[in-house]
Trainee: 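I'd like to ask some things about the structure below.
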Amino acid sequence: MMLTREVSFDLKDGRKAILRNPRNEDIPGLLDYLVRSAGESDFIMRYPEECAKYTAEGEAKWVEGNNSDENAAVLVCEVDGKIAGNCSIHRNPMMKVRHRGAIAIALLQEFWGQGIGTAMFREMEHIAKSWGDTTQLELEFVEGNARARGLYEKMGFRIVGVRPDAYRFKDGSLHNEYIMMKKLPKE
């Protein structure tokens, strides 16, 4: 079971934030967050109208599935009682690739630049180290997402590959997806 510790920290503007596992009572906020975050950035995989397929029942299964998966951890960031963002780390249970942790992160725009992303990365790295056999973290970002790239590089990730034309926006433009990796220090 991959329930994690709760981590409290102060945002740059002085508000308090908590990183924790999602709970069933978060489901309305999670559904709202999915739609809002998809509408605030072209760099998230889905468009807002694609979020209609997400239901309270489906989210409840998602919460339960992630909270009970020994190879995954999902955290939400709560600020003033609302979901500001979420992040996840997953590893493949297959022995040959089990050493790799895949990370995803997204925040509502109003919380950008408050230190949440940095706190999320620190906690995901803590989780990866607690697994004992994870030696590298991996993620992807879409061409043009300079804010995300800056955070990822600050956290020690470097570009190791590219998927050309991996994203097609509504205007028809194609955008590369960059693959980044960070080696975890041996302890």
Trainee: Can you tell if the side chain of Glu110 reaches within under 4.5 Å of the side chain of Arg36, non-hydrogen atoms only?
Mentor: yes
Trainee: Has Glu57 got more than 12 heavy atoms of other residues, nucleotides or ligands less than 6.0 Å from its CD?
Mentor: no
Trainee: In chain order, what residues pass the side chain to side chain contact (heavy atoms under 4.5 Å, CB included) check against Lys12, with sequence neighbours excluded?
Mentor: Gln114
Trainee: Walk me through whether Asn71 and Asn92 qualify under side chain to side chain contact (heavy atoms under 4.5 Å, CB included).
Mentor: CA-CA 7 Å; Asn71 293 303; Asn92 191 308; over 6 Å; no
Trainee: I would like to know whether Lys154 and Thr118 meet side chain to side chain contact (heavy atoms under 4.5 Å, CB included); could you show each step before the answer?
Mentor: CA-CA 9 Å; Lys154 176 181 111 174; Thr118 300; 2.7 Å; yes
Trainee: Can any side-chain N or O of Asn176 pair as donor or acceptor with the backbone N or O of Asp165 at less than 3.5 Å?
Mentor: yes
Trainee: Centroid separation under 6.0 Å, is that true for the rings of Phe121 and Tyr152?
Mentor: yes
Trainee: Does Val74 offer a backbone N or O that forms a donor-acceptor pair with the side chain of Asn21 under 3.5 Å?
Mentor: yes
Trainee: Step by step, would you call Cys77 with Phe9 a side chain to side chain contact (heavy atoms under 4.5 Å, CB included)?
Mentor: CA-CA 10 Å; Cys77 181; Phe9 61 100; 4.2 Å; yes
Trainee: Spell out, as yes or no, whether a donor-acceptor pair under 3.5 Å connects the side chain of Ser173 to the backbone of Phe169.
Mentor: no
Trainee: Mark yes or no for whether Glu177, through its side chain, and Ala166, through its backbone, hold a donor-acceptor pair below 3.5 Å.
Mentor: no
Trainee: Give a yes or no on whether the backbone of Pro22 and the side-chain of Asn67 come within a donor-acceptor separation of less than 3.5 Å.
Mentor: yes
Trainee: Has Lys16 got a side-chain atom pairing as donor or acceptor with Ser8's backbone, closer than 3.5 angstrom?
Mentor: no
Trainee: Pick from Leu34, Asn24, Asp26: which one makes a side-chain contact (heavy atoms from CB on, under 4.5 Å) with Glu59?
Mentor: Leu34
Trainee: Short question: side chain of Asn66, backbone of Trp62 - any donor-acceptor pair under 3.5 Å?
Mentor: yes
Trainee: Do Thr134 and Leu137 have side-chain heavy atoms sitting under 4.5 Å apart?
Mentor: yes
Trainee: So Ile105 and Leu139, side chain to side chain contact (heavy atoms under 4.5 Å, CB included) or not? Walk me through it.
Mentor: CA-CA 9 Å; Ile105 183 173; Leu139 56 79; 6.0 Å; no
Trainee: Could you check Asp133 against Arg91 for salt bridge (Lys or Arg N to Asp or Glu O under 4.0 Å), going step by step and ending with a plain yes or no?
Mentor: CA-CA 10 Å; Asp133 56 1; Arg91 67 177 176 175; 2.6 Å; yes
Trainee: Using links of under 4.5 Å between side-chain heavy atoms of ILVMFWY residues, direct or through other members, which residues join Val97 in one cluster?
Mentor: Met94
